[in-house]
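See below for the structure under consideration.
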Amino acid sequence: MITTDFVPGSPCWLDLGALDVPAAAAFYGAVLGWDYESMGEGEDMEGGMFRKDGKIVAGLGKLTEKGARPAWMIYYCVADADATTQAVESAGGTVRVAPRDLDEWGRMAQYSDPLGGQFAVWQPGQNKGADLVDEPGSLSWTELYTSDVAASKDFYGRVFGWQFGDMELPGGGGTYSLVTPAGLPEERMQGGLMELRKEDLALANGQPYWHPVFAVADCDAAVAQVTEKGGSVQMGPEDAEGVGRLAVCLDPSNADFVVLTPTRS
């Protein structure tokens, strides 16, 4: 599962682009027990950090890109953002934000895969990424909904060297492809790819999209907070054998995420 040893190709950071930063801070505070720390001054709060038990878990910023939808952006750890950019372009992807330094903290870039799925990378400097993962109130999994899993495997395999393993979903739900960073054993899998029809990807106008899965102590309690605070539920809560109890949710601005109470062995 996700750890904080920041191997190449593993999730290391995520941030939310929100239309209303204070409203988003209040929503995720209620749902995930996060504290928000503004990086600015005054009531506008253009951006900052989320903390859980004092540890940084994610970022929050004002959505400024014209035509973009509110969404979570997932960053994957790389040793060289410039080399990754070349790999993205060679594999048919698009550079949305060219590699750039964020002071001494690190170097970042953002891309779209050939089908339009957006993701980002982080080349650590002084800051490696999130302080807390795989615990209640933090990132525990990443997931891509795509209309073409084979094409997605080819692209991300070429960019990150990811290893893939397929499993059949119960009840004829199709095939789910598990993602493991290059060179690591299967028990270190960090995410999955799920094939859906383009019409089922309406949230991103038919294009693929990544979303985070957050671990929670009580899935049903988290879902109750989602709906009470103005969000909605696309699926669940329901039990997934060998995985846990989960629900696919939207925040009040329709940014998607999943809450999961994992099955503990």
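All values below come from the heavy atoms of this structure, side chains included, with hydrogens, waters and symmetry mates left out. Being a predicted model, the structure only gives us computed values, none of them experimental.
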Self-check item: Test item: F27 and P252 side chains (from C-beta on) under 4.5 Å apart, heavy atoms
Solution: yes
Self-check item: Q123 and R107: side chain donor to acceptor below 3.5 Å
Solution: no
Quiz prompt | Residues that D80 engages under salt bridge (charged side-chain N to carboxylate O under 4.0 Å, His left out), provided they are two or more places apart | solution = none
Quiz item: E228: what forms a salt bridge (charged side-chain N to carboxylate O under 4.0 Å, His left out) with it, not counting sequence neighbours?
Solution: none
Practice problem: State yes or no: are the ring centers of W34 and F214 separated by less than 6.0 Å? | Solution: yes
Self-check item: Check: S253 side chain, A255 main-chain N or O, donor-acceptor pair, under 3.5 Å
Solution: no
Quiz item: Does some side-chain heavy atom of L144 sit less than 4.5 Å from a side-chain heavy atom of S152?
Solution: yes
Quiz item: Would you say the side-chain atoms of W122 pair up with the backbone N or O of N127, donor to acceptor, closer than 3.5 Å?
Solution: yes
Quiz item: Would you find a donor on one side and an acceptor on the other, under 3.5 Å apart, between the side chain of T146 and the backbone of P208?
Solution: no
Quiz item: Do R188 and D5 sit within salt-bridge range, that is, some charged N less than 4.0 Å from a carboxylate O?
Solution: yes
Quiz item: Where the side chain of S140 meets the backbone of V213, is there a donor-acceptor pair that is under 3.5 Å apart?
Solution: yes
Quiz item: In chain order, what residues pass the salt bridge (charged side-chain N to carboxylate O under 4.0 Å, His left out) check against D256, with sequence neighbours excluded?
Solution: R69
Practice problem: Give a yes or no answer on whether the side chain of E89 reaches the backbone of T94 with a donor-acceptor pair at less than 3.5 Å. | Solution: no
Quiz prompt | Student check: side-chain heavy atoms of M108 and V97 closer than 4.5 Å | solution = yes
Quiz item: Below 6.0 angstrom between ring centroids: does that apply to Y76 and W162?
Solution: yes
Quiz item: Quick one: ring pair (Phe, Tyr, Trp, His ring centres under 6.0 Å) pairs with a partner in residues 126-153, sequence neighbours left out?
Solution: Y145-Y209, Y145-H211
Quiz item: Do Y156 and F164 have ring centres separated by under 6.0 Å?
Solution: no
Quiz item: Judged by atom type as modelled, is there a donor-acceptor pair below 3.5 Å linking the side chain of D218 to the main-chain atoms of D220?
Solution: yes
Quiz item: So, D131 side chain and K55 main chain: donor-acceptor pair closer than 3.5 Å or not?
Solution: no
Quiz item: Do any N or O atoms from the side chain of Q118 and from the backbone of Y111 form a donor-acceptor pair under 3.5 angstrom?
Solution: no
Exercise. Take Y75 and F119 through the ring pair (Phe, Tyr, Trp, His ring centres under 6.0 Å) test and state the conclusion after the steps.
Key: CA-CA 6 Å; Y75 293 71; F119 67 104; 9.9 Å; no
Quiz item: Do S177 and D166 have side-chain atoms, one donor and one acceptor, less than 3.5 Å apart?
Solution: yes
Quiz item: Listed by chain and number, what are the salt bridge (charged side-chain N to carboxylate O under 4.0 Å, His left out) partners of D134, not counting sequence neighbours?
Solution: none
Exercise. Please name the pair of heavy atoms, one in L246 and one in V243, separated by the smallest distance, quoted to 0.1 Å.
Key: CD2-CG1, 4.3 Å
Quiz item: Does K52 pair with D35 as a salt bridge, N-O distance under 4.0 Å?
Solution: no
Quiz item: Taking atom types as modelled, is there a side-chain donor on Y176 or E195 under 3.5 Å from an acceptor on the other?
Solution: no
Practice problem: Assess the side chains of E168 and T175: does a donor N or O sit below 3.5 Å from an acceptor N or O? | Solution: yes
Quiz item: Salt bridge check: are E37 and R51 linked by an N-O gap of less than 4.0 Å?
Solution: yes
Quiz item: Side-chain contact, heavy-atom cut-off 4.5 Å: F6 with W13?
Solution: no
Quiz item: If you measure from OG on S10 to CG on L184, what distance do you get to the nearest 0.5 Å?
Solution: 8.0 Å
Quiz prompt | Residue list, side chain to side chain contact (heavy atoms under 4.5 Å, CB included) with D154, at least two apart or on another chain | solution = R158
